[in-house]
Amino acid sequence: MGDALRRLAFCDEIVLVADRPTQRTQEIARRHGAHLVAGIFPLDSQRRTAGAEACAGDWILEIEADEQVDSALAWEIRATLQMRPEGDWFEIPVANYVAGALVERGWGGVLGSARDARLFRRGAKRWPPRRIGGGVLSGASGGALKGALRRQVAEDVGGLVERLNRLTALAAEDRAETGHAGGYGTVHGLGHFMVSYIGRAGWREGRLGFLIALLAGLHPVLTHLRARELLDSRRLVTSPAPAPELLKVAAR
């Protein structure tokens with residue numbers, strides 16, 4: 001986190017949003033001159049909304065703790081905004097790393113995107129109330145920048161699997177709150193695999209590309225199964241206990 005904040009020194013202000021921050025997090029924020037927004041945020045959308053509302057500038061650059069802005073991208077962002085662009089948001093490419101290696105193809109959806117609208121005017125992006133999911137944009141696109149955010153997706157293959165496990169758990173919670181687990185997801189899962197592996201050329205990344213496509217395909221299936229599991233457990237808790245049967249004794 002400290003390195004990510006250090007690379008944001010080119011910004012006019014830094015806002016760090018933390019759910020129940022530790023003493024160490026508070027110290028890191030203080031050391032890098034960041035305004036810490038602390039609270040309890042059950043939903044990811046609440047955290048992002050709180051961060052956007054705390055920003056004083058006209059433009060917001062949104063990044064995660066596992067992402068970094070290099071000097072070239074920082075210069076491009078400053079140069080773009082100094083030109084007073086007419087658009088309301090810009091897409092920024094994302095360079096995804098697994099085990100220290102750049103994996104360029106196959107990304108999309110929940111595991112990690114290859115580009116995202118991360119630079120936007122205040123009010124041009126909002127986040128629907130849910131635990132996971134992207135924001136909703138308004139206004140006109142200003143195009144895409146050339147520099148890329150550097151994202152450390154996972155330290156190893158196990159980290160990718162853990163990422164999928166965490167994301168499906170959050171997505172299942174969102175879905176269960178609607179009262180429906182949705183479709184089984186097999187067809188969608190197969191479609192996600194094909195899009196990642198064929199459409200986005202994940203096959204060119206070798207074994208990692210196949211794994212990313214496989215995990216992308218498993219996401220809708222696991223989300224459905226976990227949502228169904230949550231709904232079933234909640235029904236058991238709320239269902240009334242059966243009335244006790246009366247024991248009838250016939251006396252002679």
Side-chain angles (χ1 to χ4, degrees), residues 1-19 21-22 24-38 41 44 47-48 50-52 54-57 59-82 89-121 125 127 132-135 142-160 162-164 166-167 200 205 208-209 212 215:
M1 181 190 300
D3 193 37
L5 292 177
R6 179 178 61 81
R7 293 173 180 270
L8 293 175
F10 71 95
C11 297
D12 296 329
E13 63 173 344
I14 303 174
V15 174
L16 173 63
V17 186
D19 189 299
T22 63
R24 180 174 179 273
T25 300
Q26 296 176 36
E27 173 59 25
I28 291 174
R30 186 197 63 78
R31 189 186 312 147
H32 294 278
H35 169 49
L36 179 63
V37 178
F41 305 105
D44 179 66
R47 178 172 59 88
R48 296 178 186 274
C55 293
W59 284 86
I60 297 173
L61 172 65
E62 177 190 13
I63 73 166
E64 299 286 348
D66 59 357
E67 298 172 342
Q68 294 181 1
V69 179
D70 62 20
S71 57
L73 177 58
W75 182 89
E76 184 181 8
I77 290 172
R78 295 291 294 185
T80 300
L81 298 184
Q82 287 175 0
W89 47 271
F90 289 86
E91 285 192 329
I92 299 180
V94 181
N96 295 286
Y97 286 79
V98 177
L102 175 62
V103 182
E104 298 184 85
R105 303 171 183 85
W107 299 102
V110 295
L111 275 181
S113 58
R115 60 177 55 239
D116 200 2
R118 299 294 195 86
L119 183 63
F120 49 89
R121 293 185 191 272
K125 191 174 186 178
W127 298 266
I132 186 172
L145 303 185
K146 295 181 179 180
L149 285 170
R150 180 187 175 110
R151 175 196 287 147
Q152 183 64 38
V153 181
E155 295 292 340
D156 50 29
V157 168
L160 277 176
E162 290 174 5
R163 185 181 182 91
L164 177 69
R166 183 175 68 255
L167 293 174
R200 298 193 176 106
E205 299 291 346
L208 275 178
I212 291 168
L215 296 180

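Predicted model only: the values in this text are computed from it and were never measured.
Closest non-hydrogen pair, Ala148 versus Asp70, comes out as O-OD2, 4.4 Å. A pairwise comparison of heavy atoms in Leu208 and Val103 identifies CD1-CG2, 3.8 Å as the closest pair. For the residue pair Val37 and Ala50, the shortest heavy atom distance occurs at CG1-CB, 4.3 Å. In this structure, Ile212 and Gly106 approach most closely via the heavy-atom pair CG2-O, 3.8 Å. Between Leu111 and Val153, the shortest heavy-atom distance links the atoms O-CG1, 4.1 Å. Closest non-hydrogen pair, Gln68 versus Asp3, comes out as NE2-OD2, 2.9 Å.
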Please test Glu27 against Arg30 for salt bridge (charged side-chain N to carboxylate O under 4.0 Å, His left out), starting from the C-alpha separation and ending with a verdict.
CA-CA 5 Å; Glu27 173 59 25; Arg30 186 197 63 78; 2.6 Å; yes
Decide side chain to side chain contact (heavy atoms under 4.5 Å, CB included) for Asp116 and Leu149; before the verdict, give the C-alpha distance in whole Å, the side-chain angles of both, and the deciding distance to 0.1 Å.
CA-CA 10 Å; Asp116 200 2; Leu149 285 170; over 6 Å; no
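Under a 3.5 Å cut-off, the side chain of Glu13 and the backbone N or O of Gly57 do form a donor-acceptor pair. Between the side chain of Glu205 and the backbone N or O of Glu104, at least one donor-acceptor pair lies under 3.5 Å. Side-chain atoms of Lys125 come within 3.5 Å of backbone atoms of Ala117 as a donor-acceptor pair (strictly under, hydrogens ignored).
Between Trp127 and Phe120, the ring planes are perpendicular. Angles over 60° get that label, and only those under 30° would be called parallel.
Ion pairing between Arg118 and Glu64 fails under the 4.0 Å rule for side-chain N and carboxylate O.
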